[in-house]
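What you see is a predicted model; the values in this text were computed from it and never measured.
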There are 4 protein chains.
Amino acid sequence: MPKTIKKVGVLTSGGDSPGMNAAIRSVVRTCAYHNIECIGIYRGYQGMIEGDFKEMGPRSVNNIVNKGGTILKSARSTEFRTPEGRKKAHENLIKAGIDALVVIGGDGTFTGGLLFNSEFDFPVMGIPGTIDNDIFGTSHTLGYDTALNTVVDVIDKIRDTASSHNRLFFVEVMGRDAGHIALNAGIGAGAEEILIPEEDLGLERLLESLQKSKASGKSSSIVVIAEGDKIGKNVFELKDYVDANLPEYDVRVSVLGHMQRGGSPSCFDRVLASRLGVKAVESLIEGKSSYMVGLQNDKVTLTPLEQAIKGKTEIDRELLRVSDIMST
Amino acid sequence: MPKTIKKVGVLTSGGDSPGMNAAIRSVVRTCAYHNIECIGIYRGYQGMIEGDFKEMGPRSVNNIVNKGGTILKSARSTEFRTPEGRKKAHENLIKAGIDALVVIGGDGTFTGGLLFNSEFDFPVMGIPGTIDNDIFGTSHTLGYDTALNTVVDVIDKIRDTASSHNRLFFVEVMGRDAGHIALNAGIGAGAEEILIPEEDLGLERLLESLQKSKASGKSSSIVVIAEGDKIGKNVFELKDYVDANLPEYDVRVSVLGHMQRGGSPSCFDRVLASRLGVKAVESLIEGKSSYMVGLQNDKVTLTPLEQAIKGKTEIDRELLRVSDIMST
Amino acid sequence: MPKTIKKVGVLTSGGDSPGMNAAIRSVVRTCAYHNIECIGIYRGYQGMIEGDFKEMGPRSVNNIVNKGGTILKSARSTEFRTPEGRKKAHENLIKAGIDALVVIGGDGTFTGGLLFNSEFDFPVMGIPGTIDNDIFGTSHTLGYDTALNTVVDVIDKIRDTASSHNRLFFVEVMGRDAGHIALNAGIGAGAEEILIPEEDLGLERLLESLQKSKASGKSSSIVVIAEGDKIGKNVFELKDYVDANLPEYDVRVSVLGHMQRGGSPSCFDRVLASRLGVKAVESLIEGKSSYMVGLQNDKVTLTPLEQAIKGKTEIDRELLRVSDIMST
Amino acid sequence: MPKTIKKVGVLTSGGDSPGMNAAIRSVVRTCAYHNIECIGIYRGYQGMIEGDFKEMGPRSVNNIVNKGGTILKSARSTEFRTPEGRKKAHENLIKAGIDALVVIGGDGTFTGGLLFNSEFDFPVMGIPGTIDNDIFGTSHTLGYDTALNTVVDVIDKIRDTASSHNRLFFVEVMGRDAGHIALNAGIGAGAEEILIPEEDLGLERLLESLQKSKASGKSSSIVVIAEGDKIGKNVFELKDYVDANLPEYDVRVSVLGHMQRGGSPSCFDRVLASRLGVKAVESLIEGKSSYMVGLQNDKVTLTPLEQAIKGKTEIDRELLRVSDIMST
């Protein structure tokens, strides 16, 4: 029989993403619904080490479902990577009477949580929060859908000025290891070409494609590039390359940067956060541990944290084809 | 061996929804990609009867991926319900050399398309476009995701003023037969209660819930109501009822109306439209007919139009529970 | 020599409007800048009577410059209309050591403030906050610019669906006594006709205009109507009238309602709020009282509260002509 | 007696800005209202040289009031700087029967127009369209208000992630010679410091200010920097400088770039565009030439183009003080 859970700690860690607040709210209210106490832990694992805790009732999370960022703050903790750090963190949890954890974040967050669980046999559940959508075991991470909307909104604006001047824009979006944002936002924004880490288009093919696009009568072009694109050049080098090889183009660069992490979450991300928070807490109540809650085939599921960390998401190759056809 | 398709007609019919333009663009460009001609048919089946056609090349759909509404216009056609109307429509298609149709719309659109196919053995593919998400055979209809974001944005604004004055708002959203918008946008917007056609909450329970909410220290409340809610009262009658029974509440009503149908589509709807358009045209090329393209488990699938029309979508009952917990 | 001000109270009263939080923030920080204490008074004059006060330092107003609504809440107070109520309020201020007031709101708020000043010789400054822009002595009230953007955004969405179906929409916007929102948002949204309290267009002319519009080849029409329009019919009666007289039109109605009061303030409203807050506090420090701070010819000015209350704003009649020309 | 104007040409030139389309629409419809023909000239002065003209009636500008960019496209023309180029342009106008010009753009556009007027005695009116607000003779240029809203929206998103991680962001906004965007959007977005071309804050003071900000308990900071800031370092050099001198800060950089030029215009810009277009055309009808229409003290006015070009706008120094107080 599982140990009865009486007090759950919740934290956000790693890069923040829209929907984290909605997930915190869901964890807090699900605890209240089941008459469990809930403790907010500030600044991720570092706050766990420093005992930076705050009791949270259902009214402490009023009016945050629509707020970007995380009210619990986030931080990276080098101290938590040491056994001493984790020991201190564990002592703080025990002292505070916390008997289970919900950790919201990405790979690094889950790795920390899993290690903590294995060392202290402490129940931990993970909620995937990152705009990059690069977590195995869930079709969507919290913040990904919002980031896609942010990116297409911005590229829509860039296209206004691109069309007015018949220009070519290279737009860099987030995604060091995963092209999900670039691929989906690129299709959504009507990009000519999309450069992602998973696929080396080749510089030749890029030039050809741009030439074809010009010949087909298009008055402006957008190329969307993931930070970690495989083509081996960053966005400014690409501009120089195209400047040198296609002088008929007037090329500009835009690096979207951190704005992609912020903003009020989309309805999808708010609902997803609410569902995942419920499942995380209720799984702890049922005695489960070391799972990530996620969305698969539109249903909330559990994936062992270990798999979530090791597994590799893949881009939907159908989308590469769709992108290709759309730029006809 | 299927008859070779040389010219595809595309139309939008019924209520418009965001993403229809992106779907038109996808159909047009997929045709161009496969060297098939494409004809835009204006004002749905009525334009088919009147021969209101226009040739469309890949450049005719520049810069519409992000536009709400439908550049092909929509209309309801009573004439198409008569055999004479459909005969005239068929003659026009033949005269124009069109040998297959893609129809974008909802139930009524598909019913018309299926009838047309059965009478003239004319290849027809359907793309589900309606904000209500009430089509069987697809987890998402075009425009639904956008409408959800529109609704939560508006309710966020209403909540600003609701909180400032400690008021209760009844917000009516679209959905005559289906509560998908109300249920998801209600959770996303942090609604106290959600009234939908699929579930009779009961007036008693509504009052109780509002009383409990007040007692729990909430300073304002939002109740989201689908047009076709089952409680048997419209939104103004509900206000009167609560005014009479809970005089401590200052109640206001907001009917969101047609704004829910408009606006630039979300990234999700743009990508979905692009995928569905490709699949619709390529299915025609493969000799298929009388299917609806849709999304199931994140994959593009085909559902016989007949099933799409007869089948009934159901709300996800997990969400009713999540809503209940979130309003703790 | 003016009495030295040591502690300023700030409140919001009447209908809330975007920018009120930015004004509160400005009052609080200007006080801090001048080493004056600042007390937030909750729920307007009612909170003054109940002693619902809270000390506010510069960090209490972090991250509210962009939030709609008012963190100090608003309320209407019937008790404050009685001499006993005001006496109690005055005693509370004295007890709390508050020696001057900044009141943010509209006509009613200023009337209360002026009365309070005259009865107790208590220094009061007013900041105009209402979306209606109907305050004399300022070209812009806080929230007006934001409301205009909210209204045109929504009408843009409505136009998407109006154009797709060749429909006529009557859109009702706020403005019981003043047509500023209707007139400006109507021009901004490309309305066919604009009905406002200041001008009786006449039903005949409306019909003529709509007929002319149809004849000119327009595919859809928007008519914007202020709540207090002078034509003598509400928006639903107008629909019935047009239905009866112009059956060729498919008419729909949309009442925008309270969403117009909410939302994140525009840059203009945030900057205006910041400027007005500084001026209000610094005027109190200089020993001034019973003025409204406002914007005239892009400069911050003072208008005696009495004039602000009695004076009547007028619509810019040039805009009526511009609207007329734009609907050519 | 002025020559009767029968056909007006309209063009956009230089950097595009939101509201240009609304101005084109206003020029076209005002012409129609006065029974004057209107010719759209594509790609600015270059299109004038190439005879790239198109007749425009009131229906050619349907549904563009809310669109960013310019449907007439813009371009820079080196050929127009030569007497031969201008001669060719003049011949094209004469051949097309155009007897007056409305040019929409900035300084360079007006300089071209004035030269053209002086050489050929050809009536020209200017409409100020640029997001930078750096034109003398108008309090607002078309697109400026929209750009301010775009910038604060983006910085609001950046602040979400800045607050979650206690970071410092340097945000670069447009404005090579003028700090209007930086100053107003900086105040609107609650920036700690604002660096503009008109004022050398000094690196020392920047460091002090950031230290004070940290000491005061602020958890995150935004510094807004105009492209042409006077401090003598670009945004990346500033980051390096602060990294070296204030290691306690985690500094990030965001360069907003061209997105600032795009997007649907704000209500203010749409109304302003409508007013200026009417005035430009009606001034030509009255026989006036070589003026810029603009907004001064909320009224539409005329300023000789020569003054508009030579005059220098100044920032409102009151705002520097407001910014200083707001960052308390």
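For a residue to count as touching a neighbouring chain, one of its non-hydrogen atoms must lie under 4.5 Å from one of that chain's; by this rule Asp316(C) touches chain D with the side chain only. Neither the backbone nor the side chain of Gln296(C) has a heavy atom closer than 4.5 Å to any heavy atom of chain D. Residue Ser323(D): no heavy atom, backbone or side chain, is found under 4.5 Å from chain C. Contacts of Leu272(C) with chain D are absent, with no heavy-atom separation under 4.5 Å from either backbone or side chain. With a threshold of 4.5 angstrom between heavy atoms, Arg275(C) approaches chain D through its backbone and through its side chain. For Lys218(C), the parts lying under 4.5 angstrom from a heavy atom of chain D are both the backbone and the side chain.
Looking at heavy atoms from C-beta onward, Leu148(D) lies out of side-chain contact with Phe268(C) at the 4.5 angstrom threshold. The closest side-chain heavy-atom distance from Val278(D) to Glu318(C) is not below 4.5 Å. Contact check for Arg270(C) versus Met326(D): no side-chain heavy atoms found under the 4.5 Å cut-off.
Ranked by non-hydrogen atom pairs under 4.5 Å with chain D, the options Pro58(C), Ser216(C), Ala32(C) are led by Ser216(C). Each of Val271(C), Val322(C), Ile325(C), Val152(C) has some count of heavy-atom pairs under 4.5 Å with chain D, and the biggest count is that of Ile325(C). Chosen from Gly190(C), Ala22(C), Ser274(C), Ser220(C), the residue pairing most often with chain D at heavy-atom distances under 4.5 Å is Ser274(C). Per-residue counts of heavy-atom pairs under 4.5 Å with chain C were compared for Glu282(D), Lys279(D), His34(D); the largest is that of Glu282(D).
Close approach to chain C, defined as a heavy atom under 4.5 Å from one of its heavy atoms, is seen in Asn63(D), Val65(D), Asn66(D) of residues 60-68 of chain D, taken by number. Contact residues of residues 155-163 of chain C toward chain D are Asp156(C), Arg159(C), Ser163(C) (heavy-atom distance under 4.5 Å). Contacts between residues 181-189 of chain D and chain C, counted as heavy-atom pairs separated by less than 4.5 Å, involve Asn184(D), Ala185(D), Ile187(D), Gly188(D), Ala189(D).
A distance of 8.0 Å separates SG in Cys267(D) from CG in Asp145(C), rounded to the nearest 0.5 Å. Put simply, CG on Asp269(D) and CG on Asn149(C) are 9.0 Å apart, with the number rounded to the nearest 0.5 Å.
For Asp134(D), there are no salt bridge (Lys or Arg N to Asp or Glu O under 4.0 Å) partners, not counting sequence neighbours.
For the residue pair His140(D) and Asp298(C), the shortest heavy atom distance occurs at CE1-OD1, 4.4 Å.
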